[in-house]
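Structure, as structure tokens:
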2 protein chains.
Amino acid sequence: MRRRITLKQIAKELDVSISTVSKALRESKEISQDTRDKVQAFAKLYNYKPNNIAVSLKNKHTKNIGVIIPEIVHHFFTTVISGIEKVANSKGYNVIVCLSNESFDKEVINMETLANGSIDGFIMSISKETQKKKDFHHLREVVNQGMPLVMFDRVSDEIYCDKVIVDDARGAYQAVEHLIHTGCKRIALITTVDYVSVGKLRTLGYKNALLDNEMGVDEDLIIKIEDIENCDKEIEKLFDLDNFDGVFAVNELFALTAMKIAQERGYRIPEDISFIGFTDGILSKHASPTLTTLAQHGIEMGEIAADMLIEKIEEEEEDESFRTEIIRTSLIQRDSTRKI
Amino acid sequence: MRRRITLKQIAKELDVSISTVSKALRESKEISQDTRDKVQAFAKLYNYKPNNIAVSLKNKHTKNIGVIIPEIVHHFFTTVISGIEKVANSKGYNVIVCLSNESFDKEVINMETLANGSIDGFIMSISKETQKKKDFHHLREVVNQGMPLVMFDRVSDEIYCDKVIVDDARGAYQAVEHLIHTGCKRIALITTVDYVSVGKLRTLGYKNALLDNEMGVDEDLIIKIEDIENCDKEIEKLFDLDNFDGVFAVNELFALTAMKIAQERGYRIPEDISFIGFTDGILSKHASPTLTTLAQHGIEMGEIAADMLIEKIEEEEEDESFRTEIIRTSLIQRDSTRKI
DNA sequence: ATGAAAGCGCTAACAT
DNA sequence: ATGTTAGCGCTTTCAT
């Protein structure tokens, strides 16, 4: 078991100085071709690779980027990671993933441990709890230290940094309009509690679409779900109390659950009730009937976030201007809505 | 924008030496209570946090663990990461995730970049391409350098290291027996090509279950799918050519696709045909009918892998004995199989 | 063309 | 009780 070899050892073996070895390895023409060849051959033979940590300490950058997300077992976030990873790797960066599990404390701890020199910048989506508490001191701190930060999807207006967001309100608007255009007259909304920023925005889009089409908002047709585990109970209530011919749900799970309940109650989809979900994940594609959804383009979001971050990391002087990229959703028509 | 403060700066401000500051911060009783208080107050005020990189260089460990998986947009792997993350974080480690995207070259590159000092150990599941090529030099190299490695799920016998695997053959056996016990007479198998180790093992379990129940293996009932994207075409062929009353599929997607085709052809599930899938992901739970599956306990695998790795990382002298933990699958009965 | 030396931020053995 | 020094592995400036 050979341990990794260092410059020092090479220098000693070859009876030259450490700096000669270092330079030879980096093809410096300060060093004679002869020595360069000799050093390189030796390095290759012993499979020399520079120690990343030492290089990081010296160069003041780690070539790591930290990603903090609420949940990894959530298809949208994994697609974003996939996009981040792709561009990060192509530019020589590694991705350190930390999960907050929707907990404020965990989010704070994660940020603090990573911010102490382990990474060159952050990409993050804040936890529900953080959104509820509205306490962003940890983000502020990191930004104040000059560490680049890109927020995505679940962002906060209070923090000045680059952002990549989905056009939630517009997407919801688009979905509801599609229901209207395909003949729905009474459209229900299944959404989350208001402190979840994206839920709120999607609710807004839903209302606007109704208003713009002179349909009026009926609050009885809107249910806000807190406990995702037991969303079926809440949704059952909607079916008990009211009737409608279209459902817009802010995520796949709500949409699928609603479809299942509708089917159990004997409604035909989409003839009797049409369904659209936000977020195009695996569930939608394999549901029966397949679910019409709004694709959020997670991979693309990840790629853009990583590009923005790396740009900020690598720019010479720091630039105080921040961008917000808005990713348009696109409607994926499947079998849970009527054809136009 | 205040940059991070260092020991040196604290020392200068307080007019003491760097080592005094270092010691004071670590509550060394070599230092007078007075100085300790003063230093700590100052450090707190300026929010001093030790630089991880410097500590790593000094201490020869990074408190990072590298995880290399073929795909992140794959529910099983994300559950494993979730488990790894949980125990890693609880023991003060960060998780660096790299994706091979099922590519041998990418896997090699990922390992090499991480092995150069960025991490203290690896947890990995090898790519399909690596399994096909049977080239494990990169793993061997890492192990030879004394870097702890834990392989999970897709492992290789050629590498001596700790492993965590699913009892694939036994799980498949269990699934097929369940089909038999619930009355199936002719059971089809939808599997992957043989070089995917888990596919091969699950095929083995299938055959053994049939043999042990004196049912005989009919090769016409076995299809091996190479191209997952177009698995529906292959599965259609199975339905065209043969008839059967039970299907065991080595993953969720194959099972769901087969169920959908069966439904289109007018078969009732489970009355006419029963289905079981390997891997209990989100699809199974939300399919209609819900799919009976073998749960692989990804979270648990991740936790065990992380525990094994950290144990090896932290042990004093290195221990050449390696363990293989076998995780039993469990059958989750849902509506795609008949009740006993 | 080569090497000595300083320094990145920290720890720790060894003075004083 | 405090400070000096060396060193982790590397880069780079400044001699020689």
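Below, read A as the first sequence line, B as the second, and so on, with proteins coming before strands; counting in each chain starts at 1. If you're wondering where the values come from, they're calculated on a predicted model, not measured in any experiment.
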For the base of dT12(D), is there a side-chain donor-acceptor partner from Ser22(A) under 3.5 Å away?
-> no
OP1 or OP2 of dC10(C) less than 4.0 angstrom from a side-chain nitrogen or oxygen of Arg26(B), does that happen here?
-> no
Mark yes or no for a side-chain to base donor-acceptor pair under 3.5 Å between Thr35(A) and dA1(C), with no hydrogen or angle criteria applied.
-> no
Atom NZ of Lys8(B) to atom P of dA6(C): distance rounded to whole Å?
-> 12 Å
Whole Å only: how far is the CD atom of Glu30(B) from the P atom of dC14(C)?
-> 12 Å
Looking at the side chain of Val55(A), which of dT11(D), dG9(D), dT11(C) is the nearest nucleotide?
-> dT11(D)
Residues Glu85(B), Lys106(A): salt bridge by 4.0 Å N-O rule | yes
With heavy atoms under 4.0 Å as the rule, sort Thr6(A) into base, sugar-phosphate or nothing.
-> sugar-phosphate
Which is true for Ile53(A) with a 4.0 Å heavy-atom rule: it touches a base, it touches only sugar-phosphate, or it touches nothing?
-> nothing
Output the single nucleotide from dT11(D), dC10(C), dG9(D) whose closest atom is nearest the side chain of Ala54(B).
-> dC10(C)
Is the closest side-chain donor-acceptor distance between Asn116(A) and Glu112(A) under 3.5 Å?
-> no
Salt-bridge criterion met for Glu102(A) and Arg154(A) (N-O under 4.0 Å) = yes
Counting just side-chain N and O atoms, does Thr20(B) come under 4.0 Å of either OP1 or OP2 of dG3(D)?
-> yes
What integer distance in Å separates Asn52(A):CG from dG9(D):P?
-> 13 Å
To the nearest 0.5 Å, how far apart are CE in Met111(A) and OG1 in Thr113(A)?
-> 10.0 Å
By nearest nucleotide on DNA chain D, pick out whichever of Ser17(B) and Lys23(A) is the more 5' one.
-> Ser17(B)
Within less than 4.0 Å of OP1 or OP2 of dT11(C), is there a side-chain N or O belonging to Lys60(B)?
-> no
d(CG, Asn59(A); P, dG9(C)) in whole Å = 12 Å
Ile31(B) CD1 to dA1(D) P, straight-line distance once rounded to whole Å = 8 Å
Flag yes if more than 12 heavy atoms outside Lys49(A) fall under 6.0 Å of its NZ atom; otherwise flag no.
-> yes
Given dC10(D), dG3(D), dC10(C), which nucleotide is nearest the side-chain atoms of Ser19(B)?
-> dG3(D)
Indicate yes or no: does Glu158(B) engage Arg140(B) in a salt bridge with an N to O separation below 4.0 Å.
-> yes
Spacing between His61(B) atom NE2 and dT11(C) atom P, to the nearest angstrom = 11 Å
Ile10(A) CD1 to dC10(D) P, straight-line distance once rounded to whole Å | 8 Å
Distance, rounded to the nearest Å, where Tyr48(A) contributes OH and dG9(D) contributes C1' = 7 Å
Scan Ser32(B) against the nucleic acid and name what it touches under 4.0 Å (heavy atoms): base, sugar-phosphate only, or nothing.
-> sugar-phosphate
Note: for Lys29(B) and Lys58(B) on DNA chain D, the residue whose nearest nucleotide lies more 5' is Lys29(B)
